[in-house]
Chemist: 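Got a structure for you, written out below as structure tokens; questions coming shortly.
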Amino acid sequence: MKQGTQGPAVPGDAVTGRPDEPGRPGRGRFRLPAQPTGRDAECDRRRDRPDGAESGAARGEHTHGEHHGEPGLARPRPAVRRSSVRGQVLAALRTALVTGDLRPGEVYSAPVLAERFGVSATPVREAMQQLTLEGAVEVVPNRGFRVVERDARELAELAEVRALIEVPVMLRLARTVPAERWAELRPLAEATVRAASSGCRATYAESDRAFHGAVLRLAGNEQLVRIAEDLHRRAQWPLMGSVPGVRGRAELVADAHEHTALLDALIAGDLEVVRQLVAEHFTGAA
């Protein structure tokens, strides 16, 4: 959950997770989530790619000298179904926000991003408009979309609001939900530990939201779940000046083990330990 610190820059082509092509730095291709490889493999490629500077074109910035249809920008295969392309682009952009590949303060052009996704500009604009509503990006007339810059104060405010919402609900559920229901969430808690061990920020962010969402769904209030998930997602975006590789594996693993410890306390019905753990969990998120 604590995802707002800084780390070393990742070279190569931003967002794509691919190495730069020889003689053509920063011209790799975006991949949609529908492609065969998963996020763990994507993070592995990010870690393994060679050192190299990232170009403005790689970040998807609007540049007047772009050449469309070059061999390095071949369309991805298999073709993505039109009905799902917007959702896949949105998911890929959200992942890029979490990893820091879409960097705070940078401006990204929808047509250039679309070329790297191998889709038209329309679903990219629609996805960016959704991110605008979520507060992740803002429109820059005649240029594209700028990733919003956030500071530590905003992260602390998000942690405080999340605690105000989630802590009372968890304490109430601790008194009413039977141990066997809590035990059913064990696979999700363990999944966060595996994701943390991979060292992949995007994979951990997804599993972290899945665990918290499953806990809150026990309250039977879908509006609560949606609001909490929105706040959680926003809390996972990098801070101003952050770059990929923000959190170390040890820190992710420590955060994930708080989930398993919390679940142990909930199963045991130890309300005092539950109260202490949830308070520390959200305090640490700031």
Side-chain angles (χ1 to χ4, degrees), residues 1-5 7 38-40 43 91 94-95 97-99 155-156 158-222 224-238 245-286:
M1 266 178 48
K2 298 178 278 293
Q3 308 207 18
T5 54
R39 282 178 181 163
D40 289 337
C43 287
R94 281 174 168 166
T95 296
L97 282 168
V98 170
T99 60
L155 185 65
L158 285 169
E160 181 180 4
V161 175
R162 288 188 62 209
L164 290 172
I165 293 175
E166 294 193 40
V167 171
V169 174
M170 288 186 180
L171 292 177
R172 175 165 58 86
L173 292 173
R175 299 184 183 93
T176 58
V177 175
E180 56 269 22
R181 290 294 303 279
W182 291 121
E184 292 173 1
L185 302 186
R186 177 72 67 183
L188 289 175
E190 293 175 347
T192 67
V193 176
R194 290 193 299 273
S197 298
S198 76
C200 180
R201 179 182 171 88
T203 303
Y204 181 70
E206 185 174 334
S207 64
D208 187 25
R209 292 195 308 273
F211 175 75
H212 281 263
V215 171
L216 295 178
R217 282 188 181 89
L218 294 176
N221 187 330
E222 282 303 313
L224 166 70
V225 174
R226 290 177 185 175
I227 292 171
E229 182 177 12
D230 176 64
L231 291 169
H232 197 166
R233 192 186 301 278
R234 290 169 59 191
Q236 292 172 331
W237 300 335
V246 160
R247 302 184 68 190
R249 180 175 298 169
E251 186 180 356
L252 292 176
V253 170
D255 195 53
H257 278 301
E258 292 180 6
H259 296 148
T260 57
L262 173 61
L263 198 58
D264 289 340
L266 289 167
I267 292 173
D270 193 332
L271 297 181
E272 187 56 39
V273 173
V274 170
R275 184 178 291 105
Q276 178 182 348
L277 287 173
V278 294
E280 292 176 351
H281 198 57
F282 287 101
T283 300

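These figures come from a predicted structure and were not determined experimentally.
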Chemist: How long is the straight-line distance from CD of E280 back to CD of E258, given to the nearest 0.5 Å?
Modeler: 7.0 Å

Chemist: Distance from D270 atom CG to L277 atom CG, nearest 0.5 Å?
Modeler: 9.0 Å

Chemist: Return the set of residues passing side chain to side chain contact (heavy atoms under 4.5 Å, CB included) with E180 (not counting sequence neighbours), or none when no residue passes.
Modeler: P178

Chemist: Which residue in the set H232, R233, R226 passes side chain to side chain donor-acceptor pair (under 3.5 Å) when paired with E229?
Modeler: R233

Chemist: Looking at CG of L216 and CG of N221, how far apart are the two atoms once the value is rounded to the nearest 0.5 Å?
Modeler: 9.5 Å

Chemist: What are the two closest heavy atoms between I267 and A183, and how far apart are they?
Modeler: CD1-CA, 3.9 Å

Chemist: Please round to the nearest 0.5 Å and tell me the distance separating atom NE2 of H259 and atom CG of D208.
Modeler: 4.0 Å

Chemist: Hey, does the side chain of R201 reach the backbone of L252 with a donor-acceptor pair shorter than 3.5 angstrom?
Modeler: no

Chemist: Check side chain to side chain contact (heavy atoms under 4.5 Å, CB included) between S207 and all other residues, then give those that pass, not counting sequence neighbours.
Modeler: T192, A195, Y204

Chemist: Nearest heavy-atom pair of V278 and R275: which atoms, and what distance?
Modeler: CG2-O, 3.3 Å

Chemist: Applying the side-chain contact (heavy atoms from CB on, under 4.5 Å) test to H281, which of E166, R162, H212, M170 qualifies?
Modeler: H212

Chemist: For residues V98 and A202, report the shortest heavy-atom separation together with the two atoms involved.
Modeler: CG1-CA, 4.0 Å

Chemist: Tell me, do L185 and L218 make a side-chain contact under 4.5 Å, heavy atoms counted?
Modeler: yes

Chemist: Roughly how far apart are L271 CG and L266 CG, rounded to 0.5 Å?
Modeler: 8.5 Å

Chemist: If you compare all heavy atoms of S198 against all heavy atoms of T203, which two are closest, and at what distance to 0.1 Å?
Modeler: OG-CB, 4.4 Å

Chemist: Can you tell me how far the CH2 atom of W182 sits from the CG atom of L262, to the nearest 0.5 Å?
Modeler: 7.5 Å

Chemist: Quick one: salt bridge (charged side-chain N to carboxylate O under 4.0 Å, His left out) pairs with a partner in residues 184-200, sequence neighbours left out?
Modeler: R181-E184, R186-D264

